[in-house]
Amino acid sequence: MMTSKIAAIIPAAGVGKRMKADVNKVWLNLNGKSIIEHTLQVFVDSGLFEPIVVVVNEDEVREFKEFLAEKMPEANVLITQGGKERQNSVFNGLQYLSTLSDGEWSSNNTNLVLIHDAARALVSIRLIKEVVEAGKKYQAVSLGIPVKDTIKEVDTEGFVTNTPERTRLWAIQTPQIFNYQLLYQCHQKVIGIERNFSDDCGIIEYCGFPVKIIPGSYENLKITTPEDLIVAEAIMRRNG
Ligand code: CTP
Ligand code: MG
């Protein structure tokens with residue numbers, strides 16, 4: 001039987017516009033460590049991924065290399081450069097895996113790839129394990145949580161066009177996990193289409209493949225705006 005590997009891609013090549021800080025938000029301090037250090041540490045500690053690829057801004061490559069050498073010199077964490085949108089950064093990570101010298105990622109069609117936003121620093125090993133287990137069963141899996149707010153679709157003039165029933169709505173999180181070759185092929189298919197995909201499952205859905213949602217956690221928030229940082233700090237302190 002062919003043995004499968006699981007890679008993790010951590011997109012960290014944003015600018016953090018909504019955080020309104022003067023640096024990429026992944027460097028911001030969360031209870032004594034940077035957001036990116038918290039996130040990476042959980043993945044390194046899980047021991048499940050080979051390799052872990054962080055996707056970083058071109059002008060932060062040096063900073064990331066120094067950070068890894070100082071904070072986690074033993075870990076198998078690789079770096080590649082990001083693109084304009086998150087979708088482009090993930091694509092670069094997938095492409096980077098295909099160029100690794102072992103040839104593993106272009107030849108093995110059972111390998112899995114997990115994608116996790118650097119900005120979700122409160123992810124737990126438990127959630128990672130659950131998504132990995134589901135990834136062995138389904139080709140595309142995401143964590144999701146039932147939305148708390150009522151969600152409305154609104155037109156460009158600010159008028160409501162639709163209110164989907166809340167019981168059917170899920171807020172989507174990362175990690176998400178995929179058959180590597182399926183995700184890479186679907187990413188290649190949507191290059192150039194007039195739509196920006198904010199998550200990788202969206203690309204799989206667009207290409208007509210099923211996506212399984214399993215329960216995430218309200219604690220696994222994406223640190224996006226300044227108040228998220230306050231909430232994240234409080235949750236982390238409570239969890240010790
Ligand atoms: N990301 C990326 N490459 C981009 C844009 C985003 O790798 N071109 C990463 C971010 O670093 C983040 C994750 O994708 O870890 C989720 O994106 P988001 O929370 O939107 O982060 P930013 O794009 O940095 O924030 P903003 O949209 O407020 O500018
Ligand atoms: Mg963004």
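Nothing fancy with the numbering, it's 1 onward along the sequence. Whatever order the structure lists ligands and atoms in, that order sets their numbers, starting from 1.
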Point to revise | Side-chain (Tyr180) to main-chain (Leu94) donor-acceptor, under 3.5 angstrom | key: yes
**Study point:** Short side-chain to backbone donor-acceptor contact, Gln176 and Cys201, under 3.5 Å
**Key:** yes
Exercise for review: Answer yes if the ring centres of Phe64 and Trp27 are under 6.0 angstrom apart, and no otherwise.
Suggested key: yes
Atom [atom1] of [X] and atom [atom2] of [Y]: how far apart are they, to the nearest 0.5 Å?
X: Glu66; Y: Leu68; atom1: CD; atom2: CG; result: 10.5 Å
X: Leu40; Y: His116; atom1: CG; atom2: NE2; result: 9.5 Å
X: Thr150; Y: Glu165; atom1: OG1; atom2: CD; result: 10.5 Å
X: Ile151; Y: Asn162; atom1: CD1; atom2: CG; result: 12.0 Å

Do the non-hydrogen side-chain atoms of [X] and [Y] ever get within less than 4.5 Å of each other?
X: Thr39; Y: Arg120; result: no
X: Val44; Y: Glu74; result: no
X: Phe159; Y: Val154; result: no
X: Thr80; Y: Val54; result: no

Output yes when the distance from some N or O of ligand 1 to some N or O of [X] is under 3.5 Å, and no in every other case.
X: Lys17; value: yes
X: Gly83; value: yes
X: Ile223; value: no
X: Met19; value: no

Study note, to complete from the structure: Result for side-chain contact (heavy atoms from CB on, under 4.5 Å) between Ile52 and one of Ile10, Leu78, Asn76 points to Ile10
Nearest protein heavy-atom contact for [atom]: which residue, which atom, what distance?
atom: atom 3 (N) of ligand 1; value: Ser89 OG, 2.7 Å
atom: atom 21 (O) of ligand 1; value: Lys25 NZ, 3.1 Å
atom: atom 9 (C) of ligand 1; value: Pro11 O, 3.5 Å
atom: atom 14 (O) of ligand 1; value: Arg86 CG, 3.6 Å
atom: atom 25 (O) of ligand 1; value: Gly16 CA, 3.4 Å
atom: atom 7 (O) of ligand 1; value: Ala13 N, 2.8 Å
atom: atom 23 (O) of ligand 1; value: Gly14 CA, 4.1 Å
atom: atom 20 (O) of ligand 1; value: Arg18 NH2, 2.9 Å

Proximal atoms of ligand 1 relative to [X] (non-hydrogen, under 4.0 Å):
X: Ala119; answer: 15 (O)
X: Val15; answer: 24 (O), 29 (O)
X: Lys84; answer: 8 (N)
X: Ala12; answer: 7 (O), 11 (O)
X: Glu85; answer: 4 (C), 8 (N)

**Study point:** ligand 1-proximal atoms of Ala118, by part, heavy-atom distance under 4.0 Å
**Key:** both
Check your understanding: Is it the side chain (CB and beyond), the backbone, both or neither of Lys222 that lies under 4.0 Å from ligand 1, heavy atoms counted?
Key -> side chain
Check your understanding: Considering all protein heavy atoms, does one lie under 4.0 Å from atom 17 (O) of ligand 1?
Key -> no
